[in-house]
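Each residue takes its place number in the sequence, starting with 1.
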Amino acid sequence: MIVLQNVQKNLGMRPILRHINMEVKPGDCFSIVGPNGAGKTTLLKVFACIHKVDEGNVYWNGRDVYKQLAQYKSQVGWISHHHFLYENFTPIENLRFYSELYGVKNREETIKRWLKIVDLYVFKDIPVRTFSKGMKQRLSLARALLHEPSILLLDEPFTGLDQDGVQLLFHLLKQEREKQSTIMMVTHDFSHIEKISNKVVFLYKGTIATESVQTKAEHIREIYKTLVDEP
Ligand SMILES: Nc1ncnc2c1ncn2[C@@H]1O[C@H](COP(=O)(O)OP(=O)(O)OP(=O)(O)O)[C@@H](O)[C@H]1O
């Protein structure tokens, strides 16, 4: 379980997140929504321990996360619209690099399996720079998941994916939920939320304005509108 307790994060001398209290359990999939600049990516970076908090505490399984950083980070899979791939490397070379970094066991077998899952096996020896945006995004899913992380942090993960890619991502996320992984997803696309999330967190001006376990798109849109239209 990950617990954020009265968290504040400052950037450029300004508090970007304030009074954040959250509890995310294994098997939870939370969606974070809010207008541009609300602090969604910053919150995800706090969960990834890319940002250290300025005030408050972050606990993982009951202990201060900063005292078990290496172990925690080995459990994190990060997916965003930035693919973090080496353009001049082939898919196989990219996944070899990341699997070495993460100390993945049975590397070649695991890489082959993932290339098949994301439907890029036939392109395995072609430099990534020749790939379409969607192909890079699918390879990026393999990059983020091949070390079997139990904490998935997704920043607008559907960006650039075609319908097949979207279905693939849903399929992978459903599997992760069945495996009791912890998932946090930032998205502007409310229609995706109810298919995968059990809670929506509304972030506004750096604080949690409200939360909802009702995840239907119309319901989220209504709450969102009330929030943003407020004077
Ligand atoms: N490195 C930084 N230094 C200073 N300010 C920053 C930095 N990174 C982000 N910010 C500011 O923090 C605020 C929140 O940014 P963040 O990217 O978390 O918002 P967001 O909700 O993810 O927005 P979007 O929907 O546009 O992606 C913004 O005002 C942004 O300008």
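- Using a 4.5 Å heavy-atom cutoff, the side chains of Val122 and Leu115 are not in contact.
- Lys179 NZ: more than 12 foreign heavy atoms inside a 6.0 Å radius.
- Cation-pi geometry between Arg143 and Tyr98 is met: the NZ or CZ atom falls under 6.0 Å from the ring centre, inside 45° of the normal.
- Linking ILVMFWY residues whenever their side-chain heavy atoms come closer than 4.5 Å, directly or via other members, leaves Val7 and Phe202 in distinct clusters.
- Each ring-ring contact (aromatic ring centres under 6.0 Å, His included) pair with one or both residues in residues 132-165, not counting sequence neighbours, appears once here: Tyr102-His147, Phe158-Phe170, Phe158-His192.
- In this structure, Leu161 and Arg138 have side chains that are in contact, with non-hydrogen atoms separated by less than 4.5 Å.
- Both Met135 and Val166 are members of a single hydrophobic cluster when ILVMFWY side chains are connected at heavy-atom separations under 4.5 Å.
- Summarising the geometry, atom CD1 belonging to Ile111 is positioned 11.0 Å from atom CG belonging to Asn106; distances are rounded to the nearest 0.5 Å.
- Remark: Met22 CE to Ile2 CD1 distance equals 9.5 Å, nearest 0.5 Å.
- Contact detail for Lys40 and Leu203: the closest heavy-atom pair is N-CD2, 3.5 Å.
- No side-chain heavy atom of Lys105 sits less than 4.5 Å from a side-chain heavy atom of Glu148.
- Two residues are said to be in side-chain contact when any heavy atoms from C-beta on lie closer than 4.5 Å; His19 and Asn6 meet this criterion.
- Note on Leu85: it clusters hydrophobically with Phe123, by side-chain heavy-atom contacts below 4.5 Å among ILVMFWY residues.
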Steps toward side-chain contact (heavy atoms from CB on, under 4.5 Å) verdict (Val200, Phe190): CA-CA 10 Å; Val200 188; Phe190 301 162; over 6 Å; no

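- Salt-bridge check for Lys136 with Glu87: passed, with a basic side-chain N closer than 4.0 Å to an acidic carboxylate O.
- Counting heavy atoms from C-beta outward, Leu172 and Ile117 have side chains that approach closer than 4.5 Å.
- Looking at Asn57 and Asp64, their side chains never bring a donor and an acceptor atom within 3.5 Å of each other.
- The neighbour count for Lys133 NZ, taken as heavy atoms of other residues, nucleotides or ligands under 6.0 Å away, does not exceed 12.
- For Tyr86 and Phe97, the ring centers sit closer than 6.0 Å to each other.
- The shortest distance between side-chain heavy atoms of Leu4 and Leu43 falls below 4.5 Å.
- A heavy-atom distance below 4.5 Å is not found between the side chains of Phe84 and Ser140.
- Applying the side chain to side chain donor-acceptor pair (under 3.5 Å) criterion to Thr41, with sequence neighbours excluded, gives Asp155.
- Between Lys9 atom NZ and Arg18 atom CZ the span is 15.0 Å, to the nearest 0.5 Å.
- No side-chain donor-acceptor contact under 3.5 Å links Gln214 to the backbone of His219.
- Under the 4.5 Å side-chain heavy-atom criterion for Ile, Leu, Val, Met, Phe, Trp and Tyr, Val128 and Leu168 are members of the same hydrophobic cluster.
- In summary, Glu222 and Lys225 do not engage in a salt bridge, as defined by a charged side-chain N under 4.0 Å from a carboxylate O.
- Put simply, the side chain of Cys49 reaches to within 4.5 Å of the side chain of Val65, judged on heavy atoms.
- Between the side chain of Glu93 and the main chain of Pro127, no donor-acceptor pair closer than 3.5 Å is present.
- A donor-acceptor pair under 3.5 Å links the side-chain atoms of Asp162 to the main chain of Gly165, judged by distance alone.
- Across every non-hydrogen atom of Thr187 and Ser31, the tightest pair is CG2-OG, 4.4 Å.
- Of all heavy-atom pairs between Val33 and Tyr224, the closest is CG2-CD1, 4.4 Å.
- Under a hydrophobic-cluster definition in which Ile, Leu, Val, Met, Phe, Trp and Tyr are linked whenever side-chain heavy atoms come within less than 4.5 Å, directly or via other members, Ile92 and Phe89 are assigned to the same cluster.
- A distance of 7.5 Å separates OG in Ser80 from CD in Gln137, rounded to the nearest 0.5 Å.
- The side chain to side chain donor-acceptor pair (under 3.5 Å) analysis of residues 107-116, with sequence neighbours excluded, yields the pairs Arg96-Glu108.
- Note that OG of Ser181 is 4.0 Å distant from CD of Glu176, once rounded to the nearest 0.5 Å.
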Derivation and outcome, side-chain contact (heavy atoms from CB on, under 4.5 Å), residues Val76 and Phe47: CA-CA 9 Å; Val76 170; Phe47 272 98; over 6 Å; no

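- With rounding to the nearest 0.5 angstrom, the CD1 atom of Ile126 is 10.0 Å from the CG atom of Leu120.
- Other residues, nucleotides and ligands contribute only 12 or fewer heavy atoms inside 6.0 Å of the NZ atom of Lys205.
- Residue Cys29 is tested with Leu173, Leu154, Ile183 for a side chain to side chain contact (heavy atoms under 4.5 Å, CB included); the sole match is Ile183.
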